[in-house]
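Values below: all heavy atoms of this structure, side chains included; hydrogens, waters and symmetry mates excluded. Nothing fancy with the numbering, it's 1 onward along the sequence.
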Amino acid sequence: MPPATRNAFRYLCWCLSRALVSSRACTDLPAGQSEWEGLLRLSGEHLVVPQLRWALREQGLWAALPAEVADYLDAVYTLNLERNCGCEEQLRELVTRLNGIGVVPVLLKGAAALIDGLYPTAGERMMSDLDVLVPANRLPEALHALAAVGYRPTVDAGERLPDPVGYDKVVHHYPALISSDWSCRVELHVHPVHLPFAGLLPSDEVFADGRQPDWRGGCCALPSETHFLMHNLIHSFLNNTLLRLQRVSLRQLFEFVLASQRYGGAIDWPKLHERFARHGYENECRRYLALAQECLDFAPQYAGEPAIDSRDRNANAWEIFRLEADSRGLEWTLNAAAQIRARLNRVRREPGRIKMLTKARFYSNFFRSLGR
């Protein structure tokens, strides 16, 4: 790696891209303990430690790693593999219960990647929850069916559970469900994406175009290859980065490039491009592809993929600076700005909530959110 670009973020991208473009050798490893510590810490923050292990193994560099680094990567992978195997069992029970009331759920994000075999093994993808799309009019029945096997919704102290009837008019998923029998939270979605972007990826279309895998006897669906990429772009970039001011997720960006390669010609790039352009997000679509190109060597391969030029790369200068800066102070400040804006927007939509400003819980929740 050129000395001018030798920082933890660029090192991480350099290594990860070698799992995606295996013909390009990664010949120089971090020099010394401080560089390894920076690389491993950042990979943990982006939830890509298992992908880093995969990339280093893919390049045949495992024998050159310091013993403690190899042990750490193996330990994280082993624990994640064990957890994800448990998540597969959890999904099997979940799908069976929903099938019992006549619901065929669509698995989203990490759950879809896990069941579709997008990664070499179940241990390469770290997951925080299981996202499952159900028809909005079946949400009350789905909640009742899962309550019968121990799932309970989580709400903040003092908050009331929302009415699931008509919930699709309020937000895109019900409060997370937890069970003492399983390690993963479950989010029952009535829209695949947040409401401001629901027109970009309507739930009816996701259900209609879903693929049904032959998986453990249960009847579930996966988003079409095109919808999988659209969901990734909307959730990761439009919502989390541009709307909520979070930094770009390398885990999601890596998955976007990986899915683009694995799904290949099955992706309807003209449809994806036209949909984003029609809704006024053409520039944002190109910017995300430019980020994938700069960070992970993403290269367009199929007709209809949006063209990327220097303007798109220049538009990402702030996002790249933020990633390279790797500053906790900067992230705290931006998180605070995002949290304040989100709360002001919620009060504007629901003026009755202004009374929350008089409650201590409002401020404790706010300060707790700054650490996320």
Count I, L, V, M, F, W, Y as connected when their side-chain heavy atoms are under 4.5 Å apart, and connections chain through other members. Are [X] and [Y] then in the same cluster?
X	Y	value
W269	L233	yes
L114	Y77	no
W62	L16	yes
V149	V134	yes
L81	M126	no

| query | Taking it one step at a time, do L238 and L200 satisfy side chain to side chain contact (heavy atoms under 4.5 Å, CB included)? | reply | CA-CA 11 Å; L238 297 189; L200 270 170; 3.6 Å; yes
State, yes or no, whether a side-chain contact exists between [X] and [Y] at a heavy-atom distance under 4.5 Å.
X	Y	value
V190	L188	no
R286	L289	no
V132	L107	yes
F9	L42	yes
I234	F276	yes
L40	L73	yes
R125	R251	yes
H189	L108	yes

Over all atoms of both residues, closest heavy-atom pair of [X] and [Y]:
X	Y	value
L222	A112	CD2-CA, 3.8 Å
L296	C13	CD2-O, 4.0 Å
N99	V104	ND2-CA, 4.2 Å
R211	Y263	NH2-OH, 3.7 Å
D297	S17	OD2-OG, 3.6 Å
A122	N84	O-ND2, 2.6 Å

Rounded distance (nearest 0.5 Å) linking atom [atom1] of [X] with atom [atom2] of [Y]:
X	Y	atom1	atom2	result
L143	R152	CG	CZ	11.0 Å
C184	R83	SG	CZ	4.0 Å
D312	E294	CG	CD	11.5 Å
L12	E45	CG	CD	10.5 Å
R97	R92	CZ	CZ	10.0 Å
L195	H172	CG	NE2	8.0 Å

| Is it true that the side chains of R313 and N316 contain a donor and an acceptor less than 3.5 Å apart? | no
How about [X]: does its [atom1] atom have over 12 heavy atoms from other parts shown lying under 6.0 Å from it?
X	atom1	answer
E89	CD	yes
R311	CZ	no
Q212	CD	yes

Using modelled atom types and a 3.5 Å cut-off, is there a donor and acceptor pairing between side-chain atoms of [X] and backbone atoms of [Y]?
X	Y	value
D116	L118	no
R287	F237	no
E319	V248	no
H46	L250	yes
H231	V193	no

| request: Evaluate salt bridge (charged side-chain N to carboxylate O under 4.0 Å, His left out) for D74 paired with R57, printing each intermediate quantity in order. | output: CA-CA 11 Å; D74 271 342; R57 283 185 171 275; 3.6 Å; yes
| request: Please say which of Q252, K109, H227 ends up in a side-chain hydrogen bond (donor to acceptor under 3.5 Å, both in side chains) with N232. | output: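 Looking at Q252, K109, H227, the match for N232 under the side-chain hydrogen bond (donor to acceptor under 3.5 Å, both in side chains) is Q252.
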| query | Can you list the steps and then say if W36 with E68 is a side chain to side chain donor-acceptor pair (under 3.5 Å)? | reply | CA-CA 10 Å; W36 274 114; E68 60 272 22; over 6 Å; no
| task | Apply the test side chain to side chain contact (heavy atoms under 4.5 Å, CB included) to residues V49 and N80: give CA-CA distance (whole Å), side-chain angles for both, the deciding distance (0.1 Å), then the verdict. | result | CA-CA 10 Å; V49 175; N80 194 55; over 6 Å; no
| said: As a quick check of understanding, evaluate side chain to side chain contact (heavy atoms under 4.5 Å, CB included) for S236 and F256, giving each step before the final call. | reply: CA-CA 10 Å; S236 177; F256 182 88; over 6 Å; no
| request: Using the six-membered ring wherever Trp is involved, compare the ring planes of H194 and H235 and label them parallel, tilted or perpendicular (cut-offs 30° and 60°). | output: parallel
| What orientation do Y119 and W54 show, parallel under 30°, tilted 30 to 60°, or perpendicular over 60°? |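 Rings of Y119 and W54: perpendicular, as their planes differ by over 60°.
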| Thinking salt bridges, do E37 and R41 make one under a 4.0 Å N-O criterion? |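 No.
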| Can Q51 and L258 be said to form a side chain to side chain contact (heavy atoms under 4.5 Å, CB included), step by step? | CA-CA 11 Å; Q51 287 98 318; L258 177 63; over 6 Å; no
| said: Are W14 and Y11 an aromatic pair, judged by ring center distance below 6.0 Å? | reply: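 Ring centres of W14 and Y11 not closer than 6.0 Å.
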